[in-house]
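Taking it in order: structure first as structure tokens, then the write-up.
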Amino acid sequence: MREATAIAHPNIALVKYWGKRDLRLNLPAVPSLSLTLGGYRTRTTVTWGTSRDEIVLNGLMGDDPKVRRVLDLVAPGRPGVRVESDNDFPTGAGLASSASGFAALVVAAAAAAGRALSVDALSALARRGSGSACRSLFGGFVQWPLGTEPDGSDSVGVPIAPADHWDVRLLVAVVSEARKDVGSTEGMTRSQETSPYWPTWVAMGPGLVDRAREAVLARDLAALGEAMETSTFAMHATMHTAVPPLLYWQPATVAALHAVFALRRDGVAAYATMDAGPQVKVLCAAADAERVRAALVPHVLRVDVHAPGGPARLVP
Ligand code: DP6
């Protein structure tokens, strides 16, 4: 039996992944761009060669067949495997737990299996578990391109700037820690199949990622913030116009958004994004983080402040 432990951080998409062009390979309908968070983490230990599979997760992946499928892909014909994983943040509430979960899983599983896989191969494996996980293999700012290879091997995370490139903060305003009713995969399918805005959303993706990448490289917060908010609200428009509608927002979500817009009117460069959940995430310069936090606190359960985080990695 061999054992390996890895940690990985969640990432928050600044330009969103929402929709799939290939369900089996989990290839995206749009390219995306993310920031890996320094604060939260998933820690996963994999023991390779047990008599049967034993999966102990505090998370979203509970009895998720995707965990077994990803393990099968790491080493076809594998033996029994024990997986033990924990998150230090709420699971399944729109805080990207599946991203750090599958990133940590593939890094630990490949090491425990004695397979020396490239980071691109690990990113592609993580993608098969959850699309956004392919970005959590890397730290800092990460792009996930559409790719052109039929097997999806080039639709993997691509680091565009490391964590220390830019001293920004991403604040997570936690509105609710409850699990969401409709998961990302189901939500995407519903948007894709029923929203009249779907074709517009897909057409916008490449331009938004280009704008965001340029802005990251130029450290232009206003340009990045604008692309990020455009992506967020366009994605939520496909959710709101799905049949039946998908409304992940709570009243406190809207209150937090107005607080961000009020900060901007007062001259603070703060920009908002939301995922498939009620939390509001706010991007700003490190020097403004305290002021932004104070503006959000009255509206939400708690505010976590994150510096950019590093890549998924093995730990002793
Ligand atoms: C709104 O990666 O959780 O957070 O590939 O179906 O597992 P699956 O979806 P997932 O979706 C994330 C969607 C998002 C935007 C993003 O992270 O880019």
Side-chain angles (χ1 to χ4, degrees), residues 8-37 40 42 59-62 64-67 69-70 87 91-103 105-106 123-138 141-146 152 155-158 170 172 179-180 182-193 195 201-202 204-205 208-209 212 227-240 242 246-249 253 272-281 283:
H9 302 287
N11 67 80
I12 298 299
L14 309 180
V15 173
K16 304 297 179 183
Y17 150 55
W18 192 249
K20 303 173 195 278
R21 70 174 193 284
D22 184 310
L23 266 172
R24 190 183 67 84
L25 293 172
N26 213 15
L27 297 175
V30 287
S32 56
L33 189 150
S34 61
L35 177 62
T36 299
L37 301 185
Y40 306 145
T42 297
L60 192 60
M61 301 188 288
D64 190 336
K66 282 189 274 185
V67 173
R69 192 206 310 157
V70 167
N87 294 334
T91 296
L95 291 174
S97 52
S98 62
S100 51
F102 281 105
L105 178 71
V106 296
S123 180
L125 287 170
R127 187 198 71 225
R128 298 290 292 272
S130 190
S132 53
C134 77
R135 301 183 307 232
S136 272
L137 266 295
F138 306 93
F141 297 87
V142 183
Q143 195 170 339
W144 175 18
L146 290 171
S155 188
V156 297
V158 178
L170 204 133
V172 179
R179 269 175 183 270
K180 55 197 171 198
V182 181
S184 298
T185 307
E186 187 188 339
M188 286 180 200
T189 307
R190 195 189 298 175
S191 300
Q192 197 155 357
E193 289 176 352
S195 169
W201 162 248
V202 171
M204 287 169 75
L208 285 172
V209 161
M228 179 175 91
E229 287 189 353
T230 301
S231 172
T232 298
F233 284 94
M235 175 182 78
H236 281 272
T238 74
M239 299 168 173
H240 297 169
L246 278 164
L247 182 63
Y248 288 108
W249 303 1
T253 310
T273 183
M274 289 92 63
D275 293 289
Q279 333 306 352
V280 177
K281 292 115 185 185
L283 184 69

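Read the numbers this way: they start at 1 and go in the same order the structure lists the ligands and their atoms. By convention here, the first residue in the shown sequence is residue 1.
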Give yes or no for whether the N/O distance cutoff of 3.5 Å, strictly under, is met between [X] and ligand 1.
X	result
K16	no
N11	no
V15	no
W18	no

Checklist entry - S155 pairs by side-chain contact (heavy atoms from CB on, under 4.5 Å) with which of P28, P145, S123? => result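 The residue from P28, P145, S123 that satisfies side-chain contact (heavy atoms from CB on, under 4.5 Å) with S155 turns out to be P28.
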Checklist entry - For R190, which of V182, T185, T238 qualifies under side-chain contact (heavy atoms from CB on, under 4.5 Å)? => result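 Going through the options one by one, the only one that passes is V182.
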Item to check | Distance-only donor-acceptor check, side chains N11 and T36, under 3.5 Å | outcome: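 Per modelled atom types, N11 and T36 side chains form no pair under 3.5 Å.
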Numbered atoms and elements of ligand 1 in range of [X], under 4.0 angstrom, heavy atoms:
X	result
G131	2 (O), 5 (O), 7 (O), 8 (P)
N26	5 (O)
T185	6 (O), 7 (O), 8 (P)
S98	3 (O)
S184	3 (O), 9 (O), 10 (P), 11 (O)
A13	16 (C), 17 (O), 18 (O)

Among all protein heavy atoms, pick the one closest to [atom] and tell me residue, atom and distance.
atom	result
atom 4 (O) of ligand 1	D275 OD1, 3.3 Å
atom 2 (O) of ligand 1	S132 OG, 2.6 Å
atom 17 (O) of ligand 1	R135 NH2, 2.8 Å
atom 7 (O) of ligand 1	S130 OG, 2.7 Å
atom 13 (C) of ligand 1	Y17 O, 3.4 Å
atom 8 (P) of ligand 1	K20 NZ, 3.3 Å

Measure from the side-chain N and O atoms of [X] to the backbone N and O of [Y], and report whether any donor-acceptor pair falls under 3.5 Å.
X	Y	value
S191	G187	yes
R135	W144	no
R24	R128	no
R21	N26	no
Q192	G19	no
H9	A99	no

Next on the checklist: If we set the cut-off at 4.0 Å for heavy atoms, which region of E186 has an atom near ligand 1: side chain, backbone, both, or neither?
Outcome noted: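 None of E186 does.
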Item to check | Per-residue contact class, S32 against ligand 1 - non-hydrogen pairs under 4.0 Å | outcome: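 Near ligand 1, S32 shows nothing, with every heavy atom at 4.0 Å or more.
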Checklist entry - Which pair of non-hydrogen atoms, one from G152 and one from L27, has the smallest distance, and what is that distance? => result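 Scanning both residues completely, I find the closest heavy atoms to be CA-CD2, 3.7 Å.
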Checklist entry - Parallel, tilted or perpendicular: which describes the rings of W249 and F233, with under 30° parallel and over 60° perpendicular? => result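 Because their plane-to-plane angle is over 60°, the rings of W249 and F233 count as perpendicular.
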Checklist entry - Yes or no on side-chain hydrogen bond (donor to acceptor under 3.5 Å, both in side chains) for T273 and K16, after CA distance, side-chain angles and deciding distance? => result CA-CA 9 Å; T273 183; K16 304 297 179 183; 2.7 Å; yes
Checklist entry - Between the candidates M239, H236, R127, M188, which shows the shortest non-hydrogen contact distance to atom 11 (O) of ligand 1? => result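 Answer by nearest heavy atom: M188.
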